[in-house]
Amino acid sequence: MFAAERRQLILEMVRANGAVSLRELARVVQTSEVTVRRDVRALEAEGLLDRRHGGAVLPGGFTRESGFPQKSHLATAEKTAIADLAASLVEEGEAIVVGAGTTTQELARRLARVPGLTVVTNSLLVAQALAHANRVEVVMTGGTLRGSNYALVGSGAEQSLQGLRVSRAFLSGAGLTAERGLSTSNMLSASVDRALVQAAAEVVVLADHTKLGTDTMFQTVPTDLITRLVTDEPPAHDDRAGGELQALADQGVQIAVAGAGGGETGPGGRQSRRDVGLPGPRRQGNPAGPQLRSAPALGDAPAGDRPARVADLRRR
């Protein structure tokens with residue numbers, strides 16, 4: 001494929017999806033990420049798109065929201081790894097809320113195996129994934145159906161969440177920055193996500209590396225309310241995504257990084273994991289300064305040690 005043809009295809013993908021990772025672009029145009037990065041740089045110089053952490057977005061500062069068909073095909077390996085790790089945080093008999101999104105849909109498929117679970121959601125896709133699960137109770141909000149992401153939104157959804165209290169909220173969004181927190185491109189979705197956050201004692205954000213450093217119009221969860229971020233390993237060359245992770249850790253967010261796309265897995269198929277962030281109480285100062293730190297993979301421990309290690313992750 002000639003450079004002009006590649007760049008035209010890259011431009012069409014970005015226009016169709018709003019934001020696309022370099023990894024996905026390289027896969028579609030069947031070339032290396034180095035070549036794609038060069039093409040993206042050339043298109044940015046012409047003002048046709050903007051480069052963002054490990055990907056490309058529409059020009060103008062804020063990404064627009066992609067429809068569900070487009071989002072479901074983006075960063076699929078990363079979303080799978082994130083969902084695997086996030087599911088390990090959920091205990092038998094727990095009550096949680098799960099927001100709308102393609103990553104939370106992947107999480108729901110794994111939660112179907114957790115007995116005694118109660119899941120409150122405004123997502124039809126999450127509810128569908130759990131519909132035939134044994135001993136999992138699904139509670140849906142009211143509201144008006146938003147067809148682009150199969151979610152219930154509006155005052156009916158928000159009112160149905162009043163007075164609710166659960167242990168954790170699992171949310172995704174269109175962008176995540178240390179400065180502003182989690183954000184999305186739709187006002188109605190943002191409003192419901194804020195109501196979900198109000199119902200939870202802890203907030204767990206699920207976001208792949210392409211969303212790190214991306215800012216969109218409506219804030220859903222400010223950084224100081226995010227308990228934990230579950231993400232994937234950014235590419236080695238993506239210094240900005242790594243810097244965003246460090247900035248989030250500096251503000252007290254506990255970060256779990258899942259292996260994806262050929263990353264190591266431990267015995268039993270568990271994804272490898274390293275934790276980034278500050279030990280101890282949230283936002284407590286560290287005289288030596290916050291540091292990135294690695295934790296052993298869940299699957300690397302003897303079978304008898306795994307529950308204790310998972311429990312330790314939950315207590316942070």
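In this structure, the side chain of Thr220 does not engage the main chain of Ala190 through any donor-acceptor pair within 3.5 Å. The backbone N or O of Gln219 sits less than 3.5 Å from a side-chain atom of Arg194, completing a donor-acceptor pair. With Arg27 contributing its side chain and Arg23 its backbone, the two residues share no donor-acceptor pair below 3.5 Å. When atom types are taken as modelled, the side chain of Arg168 and the backbone of Val204 share no donor-acceptor pair closer than 3.5 angstrom. The main-chain N or O of Glu5 is never found under 3.5 Å from a side-chain atom of Gln8 such that the two would form a donor-acceptor pair. Without hydrogens or angle criteria, Asp39 side chain to Arg7 main chain gives no donor-acceptor distance under 3.5 Å. In this structure a side-chain-to-backbone donor-acceptor pair under 3.5 Å is missing from Thr210 to Ser21. For Glu244 (side chain) and Ala178 (main-chain N/O), a donor-acceptor pair under 3.5 Å exists by modelled atom type.
A salt bridge does not link Glu44 with Arg41: none of the charged nitrogens is closer than 4.0 Å to a carboxylate oxygen. At a threshold of 4.0 Å, the pair Asp208-Lys79 does not count as salt-bridged, since none of the basic side-chain nitrogens sits closer than that to a carboxylate oxygen.
Residue Ser172 holds its OG atom at 7.5 Å from CG of Asp193, rounded to the nearest 0.5 Å. Between atom CG of residue Leu25 and atom CG of residue Leu11 there is a gap of 10.5 Å, rounded to the nearest 0.5 Å. Summarising the geometry, atom OG1 belonging to Thr177 is positioned 5.0 Å from atom CG belonging to Asp215; distances are rounded to the nearest 0.5 Å. To the nearest 0.5 Å, atoms CG (Asn122) and OG (Ser189) are separated by 8.0 Å. In this structure, CD on Gln105 lies 13.0 Å from CG on Leu206, to the nearest 0.5 angstrom. Atoms CG and OG1, on Asn149 and Thr104 in that order, are 9.0 Å from each other to the nearest 0.5 Å.
A heavy-atom distance below 4.5 Å is found between the side chains of Arg135 and Glu92. Within the 4.5 Å cutoff, the side chain of Lys211 has no heavy atoms near those of the Thr231 side chain. The closest side-chain heavy-atom distance from Leu125 to Gln128 is below 4.5 Å. Contact of the Val29 side chain with the Ile10 side chain is registered, since non-hydrogen atoms from C-beta on lie closer than 4.5 Å. Looking at Glu158 and Val192, their side chains come closer than 4.5 Å, going by heavy atoms from C-beta outward. Side-chain atoms of Leu229 and Val257, non-hydrogen and from C-beta on, never get closer than 4.5 Å to each other. Within the 4.5 Å cutoff, side-chain heavy atoms of Val97 are placed close to those of Leu164. Taking 4.5 Å as the limit, some side-chain heavy atom of Thr31 sits within range of a side-chain heavy atom of Val36.
Val40 approaches Leu49 most closely through the heavy-atom pair O-CD1, 3.6 Å. When all heavy atoms of Ala157 and Thr141 are compared, the pair lying nearest together is CB-OG1, 3.9 Å. The shortest heavy-atom contact between Val90 and Phe170 is CG2-CZ, 3.7 Å. The nearest pair of heavy atoms linking Leu182 to Leu176 is N-CD1, 3.6 Å. When all heavy atoms are compared, the tightest approach of Thr184 to Thr216 is N-OG1, 3.0 Å. Smallest separation of non-hydrogen atoms from Leu89 and Arg228: CD1-CD, 3.9 Å.
Checked against Val205 for a side chain to side chain contact (heavy atoms under 4.5 Å, CB included), the options Thr227, Val253, Ile226 give a single hit: Ile226.
Residues Glu179 and Thr223 bring no donor and acceptor atom of their side chains to less than 3.5 Å of each other.
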Quick one: do Asn186 and Arg146 satisfy side chain to side chain contact (heavy atoms under 4.5 Å, CB included)? Show the steps, please.
CA-CA 10 Å; Asn186 182 266; Arg146 184 166 177 258; 3.2 Å; yes

Can Gln251 and Asp224 be said to form a side chain to side chain contact (heavy atoms under 4.5 Å, CB included), step by step?
CA-CA 7 Å; Gln251 296 195 42; Asp224 62 357; 5.9 Å; no

Stepwise, does the side chain to side chain contact (heavy atoms under 4.5 Å, CB included) test hold for Leu188 with Ser191?
CA-CA 5 Å; Leu188 293 174; Ser191 189; 5.8 Å; no

Output, in order, the C-alpha distance, side-chain angles, deciding distance and verdict of side chain to side chain contact (heavy atoms under 4.5 Å, CB included) for Ile96 and Thr118.
CA-CA 6 Å; Ile96 61 174; Thr118 300; over 6 Å; no

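Following chains of ILVMFWY side-chain contacts shorter than 4.5 Å, one can reach Met187 starting from Met217, so the two form part of one hydrophobic cluster.
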